[in-house]
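The block underneath contains the structure these notes are about, expressed in structure tokens.
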Amino acid sequence: MEFVPAKTIITKTKSAEWFGTDYNMNIYRGCCHGCIYCDSRSDCYRIDNFDTVRAKENALTIIRDDLRRKVKKGVIGTGSMSDPYNPFEKELELTRHALELVDAFGFGITIATKSDLILRDIDILHQIREHSPVLCKITVTTAKEELAEKIERHAPSPKRRLDAVAKLRQEGIFAGILLMPVLPFLEDSVENVLEVVEKAHQANASFIYPAFGMTLRENQRIWYFDRLQEAFPEENYPERYRKAYGNSYQCASQNARKLWGVFSKKCEEYGILYRMKDIVHAYKGNYGNGQMNLFDFMNDQELL
């Protein structure tokens, strides 16, 4: 494992709109899950050799000192740039020990990951939940195992991720699905989206938050097109993207409106939250002695 220097690790977010987080925490740089669409490959993030995972030097000492200096308690988000549960975490346990510090200093946590290794740390999530909000976001872009093997090459299978959601929910932890990105031409079908919703429902997911499309910018775009051509040589997907989006950063699915309609209808049928404000409101009321169950939440919404 290579270690890279860092002066600070926990930084203030520009806005709390993204799942109600007040701070960001990225302990690792790079990721070896091999997802061909990852935005973190983009030039603007300046991460060389993104597939090589590096840990930040003296990370736990820095995190401890960062937390000591925070005047205001809040919710810390991790997983925005690099998966906090990459395979090396199993032995290094940097994320686990960071969560222990988050607990000790009285902060909340939101975690985004594609790994079921998160289940190892259920005990600490329970401890944090005694005093602060806890939210677990497991990314699932397709429930189709064969497709996932091509676009998320080294990540745990969709089934393992969905099983992780089910286990977290069994433990009473607020957990759900990030249905993003939904790749144009590969995943933006009604069948694919509804299959994910159905599997999430079976896992008792608290929420599903979608993005029907993807982002493409410098370096990431070239990488993505090359990997598409390797994985689907007969489909000529790169040309289809160029024709549909040119060099646009935002690549919304051409089926986005239709997908949103069927997605939202099915989520409402199953009682799954899918709007950001509702998700934040629910998980921030779902801890300690002030736990809010679904019935309380729905009654609260009727009063708004």
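Just so it is clear, the values below take in all heavy atoms, side chains as well, and ignore hydrogens, waters and symmetry mates. Numbering starts at 1 and runs along the sequence shown. Computed from a predicted structure; not experimentally measured.
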If only atom types and distance count, is the side chain of [X] paired as donor or acceptor with the main-chain N or O of [Y] below 3.5 Å?
X: N86; Y: C32; answer: no
X: R169; Y: N204; answer: yes
X: T113; Y: D83; answer: no
X: S206; Y: A175; answer: yes
X: D188; Y: N255; answer: no
X: K137; Y: G79; answer: no
X: R161; Y: P156; answer: yes
X: R221; Y: L216; answer: yes
X: Q254; Y: F185; answer: no
X: D66; Y: I9; answer: yes

Which atoms form the tightest heavy-atom contact between [X] and [Y], and what is the distance?
X: T110; Y: T21; result: OG1-CG2, 3.3 Å
X: L94; Y: Y28; result: CB-OH, 3.7 Å
X: G213; Y: P181; result: O-CB, 3.2 Å
X: N219; Y: R41; result: ND2-O, 2.7 Å
X: F19; Y: M276; result: N-SD, 3.3 Å
X: T139; Y: M180; result: CG2-O, 3.4 Å

Report yes or no: do [X] and [Y] belong to one cluster of Ile/Leu/Val/Met/Phe/Trp/Tyr joined by side chain heavy-atom distances under 4.5 Å?
X: I111; Y: M25; value: yes
X: V102; Y: L168; value: yes
X: V165; Y: I279; value: no
X: V140; Y: L135; value: no
X: V134; Y: L117; value: yes

Less than 4.5 Å apart, any side-chain heavy atom of [X] and any of [Y]?
X: V182; Y: V196; result: no
X: M214; Y: Y245; result: no
X: L186; Y: E235; result: no
X: T78; Y: N24; result: no
X: C35; Y: K114; result: yes
X: M1; Y: E91; result: no
X: E57; Y: V4; result: no
X: I118; Y: I138; result: yes

What's the separation between atom [atom1] in [X] and atom [atom2] in [Y], rounded to the nearest 0.5 Å?
X: R227; Y: C38; atom1: CZ; atom2: SG; result: 13.5 Å
X: Y237; Y: R242; atom1: OH; atom2: CZ; result: 15.0 Å
X: I151; Y: T141; atom1: CD1; atom2: OG1; result: 4.0 Å
X: L273; Y: D278; atom1: CG; atom2: CG; result: 6.0 Å
X: L67; Y: F105; atom1: CG; atom2: CZ; result: 5.5 Å
X: R96; Y: E89; atom1: CZ; atom2: CD; result: 9.5 Å

Is it true that [X] and [Y] have a side-chain N and a carboxylate O under 4.0 angstrom from each other?
X: E269; Y: K266; result: yes
X: E171; Y: K167; result: yes
X: R160; Y: D163; result: no
X: D116; Y: K159; result: no

Does either side chain, that of [X] or that of [Y], offer a donor lying less than 3.5 Å from an acceptor on the other one?
X: D121; Y: Y85; result: yes
X: T142; Y: N192; result: yes
X: Y37; Y: Q220; result: no

Parallel, tilted or perpendicular: rings of Y224 and Y241 (30°, 60°):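 Correct class here is perpendicular.
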
Parallel, tilted or perpendicular: rings of H201 and Y270 (30°, 60°):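 Judged by the thresholds at 30° and 60°, the geometry between Y270 and H201 is parallel.
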
Sole candidate of F212, W260, F207 that passes ring pair (Phe, Tyr, Trp, His ring centres under 6.0 Å) when paired with Y274: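 Only one of F212, W260, F207 forms a ring pair (Phe, Tyr, Trp, His ring centres under 6.0 Å) with Y274, namely W260.
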
Taking atom [atom1] of [X] as the centre, report whether more than 12 heavy atoms of other residues, nucleotides or ligands fall under 6.0 Å from it.
X: K144; atom1: NZ; answer: yes
X: K90; atom1: NZ; answer: no
X: K199; atom1: NZ; answer: no
X: E146; atom1: CD; answer: no
X: E191; atom1: CD; answer: no
X: E17; atom1: CD; answer: no

K70 NZ/CZ over F107 ring centroid, <6.0 Å and within 45° of normal: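 Relative to the ring axis of F107, which defines the angle, K70 lies outside at least one limit.
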
Check against salt bridge (charged side-chain N to carboxylate O under 4.0 Å, His left out), D39 and R217: CA-CA 8 Å; D39 179 70; R217 48 186 155 190; 2.8 Å; yes

Option among H126, R129, H131 that satisfies the side chain to side chain donor-acceptor pair (under 3.5 Å) test with D103: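 Exactly one option meets the side chain to side chain donor-acceptor pair (under 3.5 Å) with D103, and it is H131.
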
Candidate pair T52 and E2, rule side chain to side chain donor-acceptor pair (under 3.5 Å), full reasoning: CA-CA 9 Å; T52 300; E2 179 184 350; over 6 Å; no

Passing candidate, side-chain contact (heavy atoms from CB on, under 4.5 Å) with K56, options N26, I62, I63: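 Between K56 and the candidates, side-chain contact (heavy atoms from CB on, under 4.5 Å) is satisfied uniquely by N26.
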
